[in-house]
Every structure is written in structure tokens, then in C-alpha cells.
Amino acid sequence: MQISVINAGGESGSVEVPSGASCGDALKLGLSGKQLRAALAARVASAGGERLCDLSAPLPGDARSVAPVTADDPDGLALLRHSVSHIMAAAVQRLFPHARVTIGPSIDSGFYYDFDVERPFTVEDLPAIEEEMRRIAAEDVPFVRSEMKKADAVKLFESRGENYKAEIIGGIDADTVSLYRCGEFLDLCRGPHLPRTGLAKAFKLLSVAGAYWRGDEKNPMLSRIYGTAFGDEKALKAHLERLEEARRRDHRKLGRELDLFCFHEDVAPGMSFWLPRGMLLRTILEDFLRREHLKRGYEIVQGPQILRRELWEKSGHYDHYRANMYFTEIEGDVHGVKPMNCVGHMLIYNQHLHSYRELPMRLFELGVVHRHEKSGTLHGLLRVRQFTQDDAHILCAPEQLEEEIIGVMHLSADLMDLFGFSYRIFISTRPDDSIGSDEAWELATSALIKAVEKEGKPYQINEGDGAFYGPKIDIKVTDAIGREWQLSTIQVDFTLPERFNLEYVGQDGERHRPVMVHRAILGSLERFIGVLTEHYAGAFPTWLAPVQARILNVTDAQLDYAKKARERLAALGVRVEVDTRNEKLGFKVREAQLAKIPYILVVGDREVQDEGVNVRLRSGENAGFHTVEDAAAMIRADSEEPFKRGGMSYSFS
RNA sequence: GCCAGCUUAGCUCAGAUGGUAGAGCAACUGAUUCGUAAUCAGUAGGUCGUCAGUUCAAUUCUGACAGCUGGCUCCA
């Protein structure tokens, strides 16, 4: 038969393939040595669409084209990692014959495999397992696919004591299942896999962890080993360096080093203490947020921190969220500490009867909330028990919903651009367990989709991932080293307006129920500042830097001048301090650089003489002599620069 | 909450098969007055996470608890 072979460059050549040939045979006919050696599997296109096949698989009769899949291809990389997870399972079973296997998929950053073992693995076990994996790779044994009747496969795995595998197979909705043998290790698997273990060249085991069988905390805890694999050593090394870079940027470390925030876990687990510098940064951010919200038609409000239990019963939090709430008793009445701000905003809305002319009403609050998160989930500023949401509730008429969502998306986009994040949009639709009418869900979901589409933004749908009370848009940002964080969330809620009987009087004189949009852009100030710290590696842009400039006097002779220069710069709106210590200039420069201060202003006899400062930038570049006024103008211009694109403005005093 | 590992000076870490502990950096003091990433010397700093148990003796062994780290579950 005649098919086309597509090479790595996307060019295709037609070849005649004998009947009974494998996918690998077809590639051999059309590819050169180097490309052929890089092939991990084949992508076969036929009338029914494209699919990945083992190189050893027979070429389907209806195949039109075949292309090599390499580790440069996302599918190829996933396949490689999946195969390496099989190699790991094989190595584990050689070293720990009683270990029972469960599942071992590839993930974004590598792969894992979960085992049921008497004694959970520790990091000390990893080198031996990795060594055994290298041995299996060196043996260069083939991955051999076979098929079996489902019932036979269940029996086979049960007879081997592999009850987890038997359970998985029992749950598969098919008559036959495919198995892969790699040396003496046999595993249920859909495939495809590498042709031979020798193609696994660059891999590393990274960590161990506990993980519940099928992800359910009621199930037994399994022992998971995480690892990663790449097409070559260079890519693996680059990945390990990224992990190292992430450790260097860890906000918990930087927060301490830069004197931004700290924790006293023994007395306040999951609650942050804000040191003067961190609080200044946070205040600048809050100040900016308040102004920006006012400009965009929000009204700033604030509700109380604790409210009586009756209210939480009315809102539904007492039924659905009680486990995460803190309670206290006052004069015999149970009060709940707020885990969300919405209830307060409901009461604020209901303070008056509203006309349709007042809508949309946008209530904004930097709301401090407390949530009793499980102790094991706490993580620096990224997961805390007390945090401040940049929260707002928009109450609008149903026909205003789409426009309001667009407005929130604009705000989110402007802010993410300001901080230099790129982002992806996800729309989550109705979950199985939900409340509200079909019409309401339909209206809200289509409003979300229409809004995103009107903006021309690409998005993905997360089917069934919405909140029980309404669909939502989640925005995930990508930081400077490529990690994703979920910050903004935009949720439509039908429940609370109903429960709190919110109304407005329409043009027709009748009472109507407003729709509510619940949204947070940065998510929480704590998490956001944690993410920002890592994103900027502690080198905050000038507008956010708690200290924008530090004056360094060369000797004590310039001490008075340095202090005067500080006063003049401060009067011109620069956040500036002086390092008056009797240290060598080199030492003070080093410390200022390590403190990641944007501007270092050196004053020696020359600068005293010419009445200015010598400016050194955070990059290490020497920007030369400037008068104090020029230096101030330069720093202020640098502070305002990031705002130009979004039509926003900066002012803090 | 669950699994594993960990907890010694402000930070990073040594250390003793049970006889109450060190280093570097930071801090403080003094000398030095120096031009763009570390001047020198000295001083001080610890109930070895907490509470029990074993022991003549526990920071070291055992147990419980708390917290942290990596995951799981969850999540702003």
C-alpha cells in the first residue's frame, strides 16, 4: 500500500509499504538514520483521525500517513515519561518483590508511580531504584504489547496478588485489555510505549510522598515515587536547574532575607506577620487597588469580622462550610468568624431598596477572612488560615451580566499585564451536585462564554468543575520561570441573592432579583505577594519596592550631606534610606544589591562638590552623576512606567 | 487530617555509641575613613521544638504532642 511518511520538518514523501509491515517499518522506508533513531512512537493518520501507535504495531490498513513522534513532541515526551514510570515499577519490583503496583502516569513535570508497600519508601531508597532503572535501560529490553480477555487479565493479576491492578481492569469498559511486558515486569496499559528501554536515557527520581488510592482520603495510603525524564541529558539538566531556581526564589526564604514577613508557627500556624518593609509593599499594593477599583465604578465597603450563627445558617455556610470556620461564643450565642465576605455584602445591599438605575452595584472589600485549613496544607504565604481577599460582589440585572464579566476580565487583564504575567482562561461548567434552575445555569454559562469570546480570548472548558451555586471563570497566570498559579476567579452565584431575598425595582415597577458576580482578581494579598516575590525573585519593580533607593556615603566625611540628600529625595516622593555604617563602599554596595534595592546612590567627595549623587542601577550598571532632582525624577519615572500600557496610574504617598 | 522526612544560636549547618554543645554568616563593641558585591580584632548569644517515660545521669534512647518540609486530599 501507498502511504506518505512525514519527517520531522513536516515534509512528506510517498512510500510503498508491503502488507503486514509495522508502523516502524513504514518510518524506516521514509526517514533518514538520525530521525529514525529519535522516533519513540508513530503518529498514524487515517480516515478515523490521528492516533499514536507503537513502532512495533502493525500499520493499520486505512493509514494515510505516518510520522515519527519524538521527545520534542509533547505527546512523545509524555510517552517517554510513562515508559520510564514502567521501568521504575520494574526496578521497584526487582528490589522490593512484595511491592504491589497501582498506577504510574506521566504528569506535566515528569511522572510518578504509586505502590502499596509494607514500609513506605524514603528518599534513601531512591538511589538504589534509580541504579536498577539504569540497569534495565542498559539491558535495552523491548516493551512487548499483548492483548487479553478482560476476565483473564483480572484472574492473572489476582493470581499475582496484584489486587489493585485487578480492580482497575475490572472497572474497564471493554472485552479485551492491552498489557505491556518490559523484561519480567508486566503491566496493564493502554500504551503506546517506547520500543525498547534503551531509549530512556535521561531520567531522575526526585521525591517520595504518600498518596491515597484513587485520590480518595478514605482509601489506603500508597507510597508514591516522583521522577522526571527528558529526551536528552541537556533537557533534564535544564529542568533540574529550573527546580533549583525555584528553590532560590522561594518566597519563604526571600521574605525572611528581605525582611518582608515572617511566621511564628508555634503560636500562629498559617498566619503571617508583616514586617515594616513587607507591610509597606502591601500598603502600596492596597492603595493602588482601592484607587483602581474606585476608578472602575466600585464602591468600597466593609463588613464585620464575626457574625451570628443564624446568618451563616441562612447563607448556607453553616451547612456547607462549617468544618472550615472558626466559632466563638458571646453571651451564650454562637458567632462565626467570616470565611468569606459575601454575607456582609448581602446585608449592605439590603440596607436600601434599589432601583434598576443604581445597578450594577459593585461592592469592593479588602476582606480579611479566616478559614480553618488542614494543618498539612499550609504553605508559607501561598496557603494560610487568615488572608485578605481583594473581593467584590457585583449585583446586576441579568441583561447586564455579560458586560460586567467583560469589565472584570479587563481589570484582571490590566493587572496581570502590569505585573508581567501571561495567563490562560478556564471556564468551569455545572457540576453534578449543583443547585439552581437549568435556565439560570444556561444564562450564566453562556454569559461567561460570550464575554470571553467577545474579548477574543482563547479559553478552555472544565466540564463540571464549577461551584455548586454557579459557573466560573478561573484565570491561571504563568510566572517568570514558567510556573502556573490560579489567582483571579469570577463566579456567578444565584443562590445568595435568593437566600437573602435581594431585590431591585425594575422599569416596570415590579421587584426583580439581581444576579450576583463574585470575583477576586489577585485572589488574596498574602498569596499574591508570595507569588510576586517568587515571580520577581525579590527584585520588586520600583513602584512596589519598599525601599526604592539607598544612599551610600563613601566615608564619614559625607555623612551630613548624605542625610540632607535623603531628606530632599524623600520630599520629592522617593522611598529612600541611608546606610550610615562605617563600612567600605564595596561592602555597602554588596549589601544593597543583595537587598535588591532598585537604586544605589553613592555620595563621596566628588558628589558633595557637585551637589548630586552617583547612580548605580540594580542591574549593576553605573548610570553616572545626577543632581538630586534628576535622580528623583528618574526614580519616579521608573515607578510610573509599568502603568502606561493599561491606562492606569500610580501614586503613593 | 493522612504518608514520609525533619526540628541544635537570628540564618545556614556540624556534633557526641547517654556525662548539659561548636563553625561560618548576622548582631554588638572597638580600631580603620576606605569610590561600586565581603577591612581587621574582640564580645555576646543555646532549658539542643514541648511534655512525659527509662536511667545515677537524656539534647542523645522510648512515647505522646506541636511545628516545618515534600506530597495526597482540599484550596484564595
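All values reported here derive from a predicted model rather than from experimental measurement. Just so we're on the same page: letters track the sequence lines, and every chain starts at 1.
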Problem - Donor-acceptor pair present, A:Arg224 side chain and B:rC3 base, under 3.5 Å - result: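 Result: no qualifying N/O pair found.
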
Exercise for the section: Might you work through the salt bridge (Lys or Arg N to Asp or Glu O under 4.0 Å) test for A:Glu404 and A:Arg519, ending with a clear yes or no? Expected result: CA-CA 11 Å; A:Glu404 285 308 300; A:Arg519 47 110 286 186; over 6 Å; no

Do any side-chain nitrogens or oxygens of [X] fall under 4.0 Å of OP1 or OP2 in [N]?
| X | N | answer |
| --- | --- | --- |
| A:Thr489 | B:rA76 | no |
| A:Arg252 | B:rU69 | yes |
| A:Arg256 | B:rU12 | yes |
| A:Tyr113 | B:rG71 | no |

Completion exercise
Here the distance between atom C1' of B:rC72 and atom CD1 of A:Ile107, to the nearest Å, is 12 Å

Exercise for the section: Nearest-nucleotide wise, let me know which of A:Glu124 and A:Ile600 is further upstream toward the 5' end of RNA chain B. Expected result: A:Glu124

Completion exercise
Between A:Leu381 and A:Asp250, the residue closer to the 5' end of RNA chain B by nearest nucleotide is A:Asp250

Handout entry: Plane angle bin for A:His239 and A:Phe230 - parallel if under 30°, tilted between 30 and 60°, otherwise perpendicular
Key = tilted

Handout entry: Pair A:Lys563, A:Asn553: side-chain N/O donor-acceptor within cut-off below 3.5 Å
Key =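 Not at all, the side chains of A:Lys563 and A:Asn553 share no donor-acceptor pair under 3.5 Å.
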
Practice task
Answer with base, sugar-phosphate or nothing: what part of the nucleic acid does A:Glu591 contact at a heavy-atom distance below 4.0 Å?
Solution key: nothing

Exercise for the section: Could you say whether the aromatic ring of A:Phe121 and the base of B:rA4 stack, counting only centre distances under 5.5 Å and plane angles under 30°? Expected result: no

Exercise for the section: Compute both the distance and the angle, then confirm whether A:Arg282 meets the cation-pi test with A:Trp274: under 6.0 Å from the six-membered ring centre, within 45 degrees of the axis. Expected result: yes

